[in-house]
Amino acid sequence: AWQVLGEVPADMALWSTSTGVQRQRLLGSIRKEDPALALHLLKLSWDNEDPAQKAALLAELSQGLSPDDEAFLEVCLQERRKETRQMAAELLASIPHSALIKRYLNYLQACIQVEKGKITFLLPTEAPEAWRSDGVEISGKAPYSATQRSSWVFQLMRRLPPLYWQQYWNLEPMQTI
């Protein structure tokens, strides 16, 4: 839509003064109309956003999610708050062929072996730092139990779309399940 030169859209003016849930809703509204503008606004204000609100703001990017969001979401994987890191990982895992999906596949190929229709899990003994950086929530302290270690692998597995498992195991959809 064309705008008169110098006219500031109401959404833009409101963005600079909104906070909390109002800001989240506004971002969602802008995202529906112009995903690139919403991403741009979020990038500009990200460092000043309330850390408790960041995960909710990221969730608004799910509308119109695209590879254009990937670089920003990769940065968000390094946030301090667990909820923000997890939301960034969930969104990245929803972008087909994202770098995160490729890293998850590499991690899992080292942990899962399929031979003669039998699946074997090789759980890491230590918490891989790269996994933590990629949004895998690692709780507790070493030595880690088998339950803790299997939860790391499960987090990776559940974020991969079923299509990847079909291709990896060379199985039909019903055989994959």
Side-chain angles (χ1 to χ4, degrees), residues 1-3 7-111 127-139 151-168 173:
W2 289 89
Q3 296 176 3
E7 182 181 324
V8 177
D11 288 349
M12 297 291 285
L14 188 55
W15 178 258
S16 63
T17 59
S18 64
T19 59
V21 174
Q22 179 187 31
R23 191 174 192 90
Q24 179 186 345
R25 288 184 183 144
L26 180 59
L27 183 64
S29 174
I30 296 170
R31 184 72 175 186
K32 286 178 190 171
E33 298 299 317
D34 188 343
L37 176 60
L39 178 63
H40 177 73
L41 290 172
L42 191 55
K43 283 179 177 179
L44 288 177
S45 64
W46 188 250
D47 290 339
N48 297 318
E49 295 294 346
D50 176 2
Q53 186 70 13
K54 285 184 172 183
L57 289 168
L58 281 183
E60 295 300 326
L61 296 182
S62 66
Q63 298 179 63
L65 188 65
S66 76
D68 295 338
D69 302 312
E70 186 174 0
F72 176 66
L73 292 170
E74 283 281 348
V75 170
C76 294
L77 284 174
Q78 307 311 312
E79 285 288 321
R80 290 185 63 155
R81 289 184 68 94
K82 172 178 80 171
E83 298 83 4
T84 305
R85 292 190 312 269
Q86 288 179 336
M87 180 54 66
E90 292 292 333
L91 291 170
L92 282 165
S94 298
I95 299 173
H97 312 294
S98 70
L100 182 68
I101 290 285
K102 291 174 185 165
R103 292 193 303 270
Y104 280 2
L105 281 170
N106 286 335
Y107 301 155
L108 287 169
Q109 286 173 347
C111 296
E129 193 56 41
W131 291 20
R132 187 186 314 262
S133 297
D134 280 340
V136 174
E137 195 55 40
I138 297 172
S139 58
S151 78
W152 307 337
V153 174
F154 175 74
Q155 289 177 61
L156 294 171
M157 290 178 69
R158 75 174 184 79
R159 288 187 178 140
L160 286 179
L163 177 63
Y164 287 93
W165 295 114
Q166 289 173 243
Q167 292 171 347
Y168 180 67

**Asked** Taking only residues at least two apart or on different chains, which pairs with a member in residues 48-106 satisfy ring pair (Phe, Tyr, Trp, His ring centres under 6.0 Å)?
**Response** W46-F72
**Request:** Say whether, by atom type as modelled, one donor and one acceptor occur between the side chain of R85 and the main chain of L77 under 3.5 angstrom.
**Result:** no
**Asked** When rounded to the nearest 0.5 angstrom, what is the spacing between CG in L39 and CD1 in I30?
**Response** 12.0 Å
**Complete:** salt bridge (Lys or Arg N to Asp or Glu O under 4.0 Å) filter on R80, not counting sequence neighbours, yields none
**Prompt:** S45 and E49: side-chain donor and acceptor closer than 3.5 Å?
**Reply:** yes
**Prompt:** Heavy atoms, side chains only, cut-off 4.5 Å: are R25 and S29 in contact?
**Reply:** no
**Prompt:** Side chains of L58 and C76: closer than 4.5 Å at any heavy-atom pair?
**Reply:** yes
**Complete:** Hits for salt bridge (Lys or Arg N to Asp or Glu O under 4.0 Å) against E79, two or more places apart or cross-chain, chain-then-number order -> K54
**Message:** Please give me the minimum heavy-atom distance between V153 and C111, naming the atom from each residue.
**Reply:** CG2-SG, 4.2 Å
**Asked** Can you name the closest pair of heavy atoms from A89 and G135 and give their distance?
**Response** CB-CA, 4.1 Å
**Asked** If you round to the nearest 0.5 Å, how far is CG of L42 from CG of L37?
**Response** 11.0 Å
**Qualifying salt bridge (charged side-chain N to carboxylate O under 4.0 Å, His left out) pairs with a residue from residues 57-70, counting only residues at least two apart or across chains** = R31-D69
**Asked** So do the side chains of V136 and Y107 get within less than 4.5 Å of each other, counting heavy atoms only?
**Response** no
**Asked** Backbone N or O of S94 within a donor-acceptor pair of the S98 side chain at under 3.5 Å?
**Response** no
**Prompt:** Hey, are the side chains of L73 and L65 touching, using non-hydrogen atoms and a 4.5 Å cut-off?
**Reply:** yes
**Request:** Please test I101 against I95 for side-chain contact (heavy atoms from CB on, under 4.5 Å), starting from the C-alpha separation and ending with a verdict.
**Result:** CA-CA 8 Å; I101 290 285; I95 299 173; over 6 Å; no
**Request:** Nearest 0.5 Å please: distance from the CG atom of L26 over to the OG1 atom of T17.
**Result:** 8.5 Å
**Message:** Check this for me: does any side-chain nitrogen of one of E90 and R158 sit under 4.0 Å from a carboxylate oxygen of the other?
**Reply:** yes
**Item:** Partner residues of Y164 under the ring-ring contact (aromatic ring centres under 6.0 Å, His included) criterion, sequence neighbours left out
**Value:** none
**Prompt:** Would a 4.5 Å heavy-atom cut-off, applied to side chains only, mark S62 and L91 as touching?
**Reply:** yes
**Interatomic distance, T84 atom OG1 to L57 atom CG [nearest 0.5 angstrom]** = 9.0 Å
**Prompt:** Quick one: does Q63's side chain get under 4.5 Å of P35's, heavy atoms only?
**Reply:** no
**Ionic contact status for E137 with R132, cut-off 4.0 Å** = no
**Request:** Find out whether Q53 and Q24 are in side-chain contact, i.e. whether some heavy atom of one side chain is under 4.5 Å from a heavy atom of the other.
**Result:** yes
**Asked** What distance do R159 atom CZ and L92 atom CG have between them, rounded to the nearest 0.5 Å?
**Response** 9.5 Å
**salt bridge (Lys or Arg N to Asp or Glu O under 4.0 Å) against R103, all qualifying residues, sequence neighbours excluded** = E74, D134
